[in-house]
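Working notes for the structure below.
Residue numbers start from 1 in every chain, and the chains themselves are labelled A, B, ... in the order their sequence lines are given, proteins ahead of strands.
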Amino acid sequence: MAKVDLLQLRPEGLYCEIGDFYIDPWRKVHRAVVTHAHSDHARWGMGRYLCAEEGRDLLAARVGTASLIQGVAFGEVVHHRGVQVTLLPAGHIRGSAQVKVEYQGEIWIVTGDYKLQNDATCTPFELGRCHCLITETTFGLPIYRWRAPEAIGHEINAWWRANQSEGRTSVLLGYALGKTQRLLSLLDPSIGPIYEHGSSAKLTEIYRATGCALPPAKNPTQEPKGTDFAGSMVLAPPSAVGSSWLRRFGDVRTAQASGWMQIRGIRRRGAVDRGFVLSDHVDWPSLLSVIRESGAERVLTTHGYAAIVSRYLVEMGLDSTPLETPFTGEANAEEEEVEPAPV
Amino acid sequence: MQRRRRWNLRRFSQLFSALDATNKTQEKVAAMADYFRSSPAEEAIWAVAFLCGQKLPSMVSRTKIREWAGETAGVPDWLFEACYDAVGDQSETISLLLGGGESSPRSGAQTDEVHLGEWVESRLLPLADDGEQDQKRKLQQLWTQLTPQEIFLMHKLLGGGFRVGVSQDLVVRALGEATGVPVPILAHRLMGKWKPTPEFFAQLISPDAGATHDRQPYPFCLAHPISEDPASIGPASDYLFEWKWDGIRCQAIRRNGILSLWSRGEELVNEAFPEVLRTLEALPDGITLDAEILAWDGERPMPFTSLQRRLGRKNPGKKLLSEVPVVLVAYDLLEFEGQDLRELELDRRRELLRRLTEAHRDLRGLRISEGMQFAEWPEAEAARSRAREMGAEGLMIKGRSSLYQGGRKRGIWWKWKLDPFTIDAVLLYAQRGTGRRASLYTDYTFAVWRGEELLPIAKAYSGLNDEEIAEVDAFIRKNTLESFGPVRSVKPELVFEIAFESIQLSSRHKSGIAVRFPRIARWRRDKSATEADTLDAVKALLATLR
């Protein structure tokens, strides 16, 4: 009898038939295991949610209905209809998890979004061994190799100091959930005051409340009228560019922190003064090492350069195919993380 | 023990970063001025050369570089190709594949500094004499020694594609700030061909205005396009009007018996136009003409594509000389009897030019550009509307009292072109762009109808704003019919108005016609593909040219 795949793609999302649940479904389903709270993975309206305890409050903030969300500790096995589900840390943003699904000795792991680099705001990635690995490939090209985040943090602080010495405000753009808090953790608060945009403030508060120590960041709209922001650091989502919200800061220098900043053309197109290459996704060398060390015989790829990574793996002798999801478009600068709805 | 020298491009690389990080002219000039102030002549002069667009001779095959880089990075060809598609630039692709990552050399590493000139002369130029194996070995060594940005710059210099958004004008301004030498003198000294040597740099920034050499051209005076109501620039009677020819703008110089024909791009084109040299030889010594080389059938100019057959062809044969004869159409006299006339007013210079050409009426290869005067703007407008039948692109408008000033000075000379031709065409193929448009589909091929069939008529890269580009890019990704390598065929649905300067018959195009300078004028969201123009309608435009 031909063995049935433990996970299959359905119009609603990635489905485990034996366990009757979906992983990061994009249509409303009865039971969803959610890898992390970014809106392209965590959708509103599921019957029940299962996620990592570390990210429970973040998920609740994004989809509402906290009572429907069950949080489990990393590594804790959940038994469900004979299937064992375990969440392993993914290191992407706070509470991000890989989903390990085991049935009669057969193990599949869905990585969700992940990275191996240091990030003080979440539990580090943990490698799991499996028969089939479903990995993200957002940055699945050999041109993407990240430098140490500490070095990037150093450059960001140096940039802030240089702007400060010229009497300018530094505006650093990054997504509201995950990137903003990681940037905050890299900033040196002794340089000057730090402000953050309202769209990330509530999320940052959840980070702090769930045990992540971060430097204080104020809300600029709550400062007295006529406050001089010169010399300060402002964290804001990319959508703040060109908004009236930005005008209060006077003479600004802008920068964006993202993996896409690796490409000069994208950097220049972004109309920011500076691009810092800081990604929350896995780079090429780490992607290959994870695939190798997982021991997987079969690798399914999703997001970004799925077809290319898959072809490369096949040439290396692995069984691999790209997984066709609604997100398997080609990479583009807007895809890294989807902007959150106003909270 | 001798300290190891890391042959670096550190200073030049820092300058590049500073220039690349800003689009404010003043900041660019300041960064270059700082750099020139603090760099030895051996470094500075090479930087001047590269910033002004001088290119190294081609030494290593681009294909080989790509092959070796892929091999060194352990990346198969098809994957290199995929990386290139995402990056849009070969030098950058190589720098990202081979530099970068956590192990790359840091720019602050302990190394002795080697200036740019020594680096170019000892590391790059010798590659010209190396066999492929040595070239490969040396490049592999350089890749391990340089930071990613230095690798990027090295390949830009090797491949002749170095650009950082500064014009020669800005370089000259920065040199002026750094040295105190007046800008017009610096600009003049930088004209023509020179070698990037420390000796040349010393002459360049020398405070005494040294003699110019026999071949040296003057900085060209350039015109601004006129877009609004021409009456806004003052009364028509203040101006001299000339036809704006679509030929090769040049300076023709005869000094001490040496003849030089310089194109606007400062290329010496003597060998391509022997009959112009003979004309120049018949003129008195100590002379410089600002002129246009035009292909001329005896009565009127021939299309630019005819002239193109002559350009870049050294020592043309009899057949080509008779099929595409050229004349020199003189606009202006910049030097006469060895005297620099640029400080004279245009009317005065034109008078001297008129006398000169009258005295040499017998020279069939020399024509004076006809000067026209109009009391009122409507008369000028009427003349402009005749430009197409004259074979001209429009009118030049020059202040009658203007001095001959190098660069694009505002308010002295204007170009008033004819409105372009326009057609409505359907987007049929798309390819990814390069540089700032890397990874987006921005290179388009447009088509018009012949019966039920769409025939490609023009390729265009520019004319849309960033939001429109993003929207078209998304459309292309969603509506791809087929991919052939980097090219996608797209569902014929989007219609654009394409503007172009000229049109002519062509046997090399399937449509049978070729258009000149096509660009997107606007997106016709109001039109469906079936409403686009037909080939017959486009061909009808040909008739308006005669």
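- Residues A:Arg267 and B:Glu92 are not paired through a salt bridge, judged by the lack of any N-O separation under 4.0 Å between the basic side chain and the carboxylate.
- The shortest distance between side-chain heavy atoms of B:Asp89 and A:Arg264 does not fall below 4.5 Å.
- Once rounded to the nearest 0.5 Å, the distance linking CD1 of A:Ile143 with CG of B:Leu79 reads 9.0 Å.
- Summarising the local packing, CZ of B:Arg163 is surrounded by 12 or fewer heavy atoms from other residues, nucleotides or ligands at distances under 6.0 Å.
- Taking every heavy atom of both residues into account, B:Leu97 and A:Arg145 meet most closely at O-NH2, 2.8 Å.
- Using a 4.5 Å heavy-atom cut-off against chain B, the contacting residues of residues 308-320 of chain A are A:Ile308, A:Arg311, A:Tyr312, A:Glu315.
- For a residue to count as touching a neighbouring chain, one of its non-hydrogen atoms must lie under 4.5 Å from one of that chain's; by this rule B:Phe152 touches chain A with the side chain only.
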